[in-house]
Amino acid sequence: MRIGILTGGGDVPGVNRCLKAFVERVALDGHEVIGIRRGWAGLVDYDLDDPEGSAERSLYALDVERVRTIDRSGGTVLHTSRVDPSRVEPFELPHFLAHRQLGDGPYDVTAHILTVVDGLQLDAIVAIGGHDTLVYALRLHHEGVPVIGIPKTMDNDVHGTDYCLGFSTAVTRSVEFIHQLRTSTGSHERIAVVELFGRHSGETSLVAAYLASADRALICEVPFDPERLAALLVEDRRRNPSRYSMVTISEGARMMGEEPPVVDPLAPSSGIGAATGAFITHLTGQDVIAQSLGHLMRSGRPDSLDLMAATNFAVMAADLTVDDERGRLVGLQSGTYGDMDLEVIDQGVKRVDVAALYDADAYRPKVRTVDGKPMFLY
Ligand code: F6P
């Protein structure tokens with residue numbers, strides 16, 4: 001078989017490990033793996049009339065020799081993008097496709113993608129990505145392309161699986177940084193507002209606060225009252241013998257009465273941490289550190305849980321691909337590895353189970369029982 005593999009959306013630690021494990025597994029049966037650069041953009045940019053230039057721009061041959069050492073670093077050797085071939089913006093459109101499109105865009109270039117898949121003689125495509133990348137994988141599946149999906153996003157919000165590659169390392173990093181910030185926060189007797197990536201799901205904020213024992217956690221799912229928050233944090237600070245307090249906040253969190261955050265995946269984050277910090281200072285006169293952890297949460301090497309998930313997701317995806325399965329998503333359900341219908345992607349959204357895990361009055365995690373719950377509780 002000739003298998004195309006790509007990584008879309010934000011990079012996370014563990015993807016290179018996943019690529020290596022996939023290549024090693026399918027090489028055992030003599031199959032060839034072609035890396036597609038920059039996610040779906042690699043196929044959008046592939047011009048069948050210019051195979052040499054296109055190969056250089058869009059392809060990256062992956063063999064056992066080439067992947068030997070890639071698992072030692074984070075990120076993705078294939079590079080990544082958020083390009084969605086069903087909604088290509090005018091600035092993303094390659095010149096050789098420009099004359100074929102009607103109107104001002106965005107454009108659906110799926111017909112082109114299908115000719116490229118055909119022209120490259122790909123027998124299957126493995127897509128490693130978050131919701132948006134996998135939604136397009138599902139589209140290709142509906143168009144008849146054999147596709148297997150691997151869930152990857154530090155937000156951990158792909159519907160259907162307990163776990164997405166990158167989440168554990170993002171939480172590990174967040175906990176480390178929260179503890180590091182304690183020295184500066186405590187020495188100056190401040191309040192710290194720590195903003196964490198997580199555009200639609202508050203799981204990173206909730207789990208990081210739970211594991212780092214932050215005083216409060218704000219999540220996307222529950223709009224907060226800044227005055228109430230300020231009063232709680234002032235009280236937390238007063239009770240703390242070291243005279244400081246800390247709150248984590250999802251980048252997608254919002255104050256009561258505010259509009260929900262913009263859904264555009266390319267839009268910059270709202271800066272809610274800085275705005276909340278300024279509000280607290282204004283209300284209380286307290287000195288506030290507003291620190292956004294952002295890309296540091298998903299930079300660098302994977303932790304061992306992400307190495308484990310990356311390896312096992314890759315092995316499952318490789319087995320499905322060589323067995324000629326199509327339209328499947330690998331993942332974890334109730335803590336157990338398995339695969340499911342890729343349609344699951346579109347059948348719901350994965351958000352924090354507020355009733356089970358969050359105290360919406362006290363703005364903090366509330367985990368009463370863990371019996372029967374998966375590793376990360378949801
Ligand atoms: O992949 C998810 C994510 O890490 C979000 O939590 C965050 O909003 C976004 O990516 C940031 O994306 P970028 O790296 O493109 O700025």
Side-chain angles (χ1 to χ4, degrees), residues 153-157 166-186 190-237 239-240 242 244-256 258 261 269-281 284 286-299 303 351-354 356-367 376-378:
T153 163
M154 52 146 286
D155 295 0
N156 205 29
D157 60 355
F167 178 68
S168 176
T169 309
V171 171
T172 299
R173 294 265 190 288
S174 303
V175 169
E176 278 168 16
F177 284 126
I178 290 166
H179 286 320
Q180 284 187 35
L181 266 174
R182 287 181 189 279
T183 56
S184 258
T185 313
R190 287 165 166 152
I191 293 172
V193 179
V194 185
E195 184 183 310
L196 303 180
F197 266 174
R199 213 170 266 235
H200 306 295
S201 165
E203 205 174 339
T204 46
S205 174
L206 183 91
V207 176
Y210 181 55
L211 298 182
S213 301
D215 299 290
R216 310 283 159 178
L218 300 167
I219 59 176
C220 311
E221 291 80 355
V222 179
F224 64 97
D225 172 355
E227 290 185 19
R228 178 168 172 69
L229 172 72
L232 289 168
L233 287 168
V234 166
E235 182 57 14
D236 292 336
R237 178 178 173 277
R239 285 168 186 253
N240 182 345
S242 300
Y244 72 95
S245 57
M246 304 185 94
V247 56
T248 61
I249 180 168
S250 305
E251 66 167 332
R254 59 188 196 278
M255 297 182 194
M256 279 172 176
E258 267 188 356
S269 96
S270 62
I272 184 72
T276 303
F279 209 95
I280 294 170
T281 301
T284 65
Q286 297 287 336
D287 196 0
V288 173
I289 296 178
Q291 183 69 53
S292 164
L293 300 189
H295 292 91
L296 288 172
M297 294 168 69
R298 53 176 229 234
S299 301
D303 67 10
R351 298 289 180 264
V352 168
D353 182 349
V354 173
L357 300 174
Y358 189 65
D359 184 334
D361 293 321
Y363 301 146
R364 60 179 161 213
K366 177 204 65 185
V367 183
F376 282 105
L377 304 180
Y378 184 54

query = Taking it one step at a time, do Thr172 and Asp303 satisfy side-chain hydrogen bond (donor to acceptor under 3.5 Å, both in side chains)?
reply = CA-CA 8 Å; Thr172 299; Asp303 67 10; 2.8 Å; yes
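- Nearest approach of Ala217 to Ala209, heavy atoms of both residues: CB-CB, 3.5 Å.
- When every heavy atom of Met297 is checked against every heavy atom of Phe197, the shortest pair comes out as SD-N, 3.3 Å.
- In this structure, Met255 and Thr276 have side chains that are in contact, with non-hydrogen atoms separated by less than 4.5 Å.
- Counting heavy atoms from C-beta outward, Val354 and Ile219 have side chains that approach closer than 4.5 Å.
- By the 4.5 Å heavy-atom criterion applied to side chains, Leu377 and Val367 are counted as neighbours.
- Within the structure, the salt bridge (charged side-chain N to carboxylate O under 4.0 Å, His left out) test picks out the following pairs touching residues 222-237 (sequence neighbours left out): Arg216-Asp236, Glu235-Arg238, Glu235-Arg239.
- Scanning for side-chain hydrogen bond (donor to acceptor under 3.5 Å, both in side chains) contacts around Ser201 gives an empty result, with sequence neighbours left out.
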Side-chain donor/acceptor pairs under 3.5 Å, residues 173-180, sequence neighbours excluded:
unit_1 : atom_1 : unit_2 : atom_2 : d
Arg173 : NE     : Ser299 : O      : 3.0
Arg173 : NH2    : Ser299 : O      : 2.8
Arg173 : NH2    : Arg301 : O      : 2.7
Ser174 : OG     : Ala170 : O      : 2.7
His179 : ND1    : Arg182 : NE     : 3.0

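- Side-chain atoms of Arg254 and Pro223, non-hydrogen and from C-beta on, do get closer than 4.5 Å to each other.
- Side chains of Thr204 and Asn156 form no contact here, defined as non-hydrogen atoms less than 4.5 Å apart.
- Note that OH of Tyr358 is 11.0 Å distant from NZ of Lys366, once rounded to the nearest 0.5 Å.
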ask   = Could you go step by step and tell me if Ile191 and Ile289 meet the side chain to side chain contact (heavy atoms under 4.5 Å, CB included) rule?
value = CA-CA 6 Å; Ile191 293 172; Ile289 296 178; over 6 Å; no
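- With values rounded to the nearest 0.5 angstrom, Leu218 atom CG is found 8.5 Å from Ile272 atom CD1.
- Between Ala230 and Thr284, the shortest heavy-atom distance links the atoms CB-CG2, 3.9 Å.
- Under the side-chain hydrogen bond (donor to acceptor under 3.5 Å, both in side chains) criterion, Ser250 pairs with no residue, sequence neighbours left out.
- Rounding to the nearest 0.5 Å gives a distance of 7.0 Å between CD of Glu251 and CG of Asp155.
- Thr248 contributes atom OG1, which lies 14.0 Å from atom OH of Tyr210 (distance to the nearest 0.5 angstrom).
- Side chain of Thr281 to backbone of Gln286: a donor-acceptor contact under 3.5 angstrom is found.
- Side-chain atoms of Glu195 come within 3.5 Å of backbone N or O of Gly273 as a donor-acceptor pair.
- Judged as a salt bridge (Lys or Arg N to Asp or Glu O under 4.0 Å), and not counting sequence neighbours, the contacts of Asp287 are Arg190.
- Annotation: side chain of Ile249 is in contact with side chain of Phe224 (closest heavy-atom distance under 4.5 Å).
- Listed by chain and residue number, Phe376 satisfy the ring pair (Phe, Tyr, Trp, His ring centres under 6.0 Å) test with Phe167 (two or more places apart in sequence, or in another chain).
- Side chain of Tyr378 to backbone of Arg351: a donor-acceptor contact under 3.5 angstrom is found.
- Contact annotation: the side chain of Tyr363 never approaches that of Val247 to less than 4.5 Å [non-hydrogen atoms, C-beta and beyond].
- The distance from atom CD of Glu203 to atom CG of Leu196, rounded to the nearest 0.5 Å, is 12.5 Å.
- Rounding to the nearest 0.5 Å gives a distance of 9.0 Å between CD of Gln291 and OG1 of Thr185.
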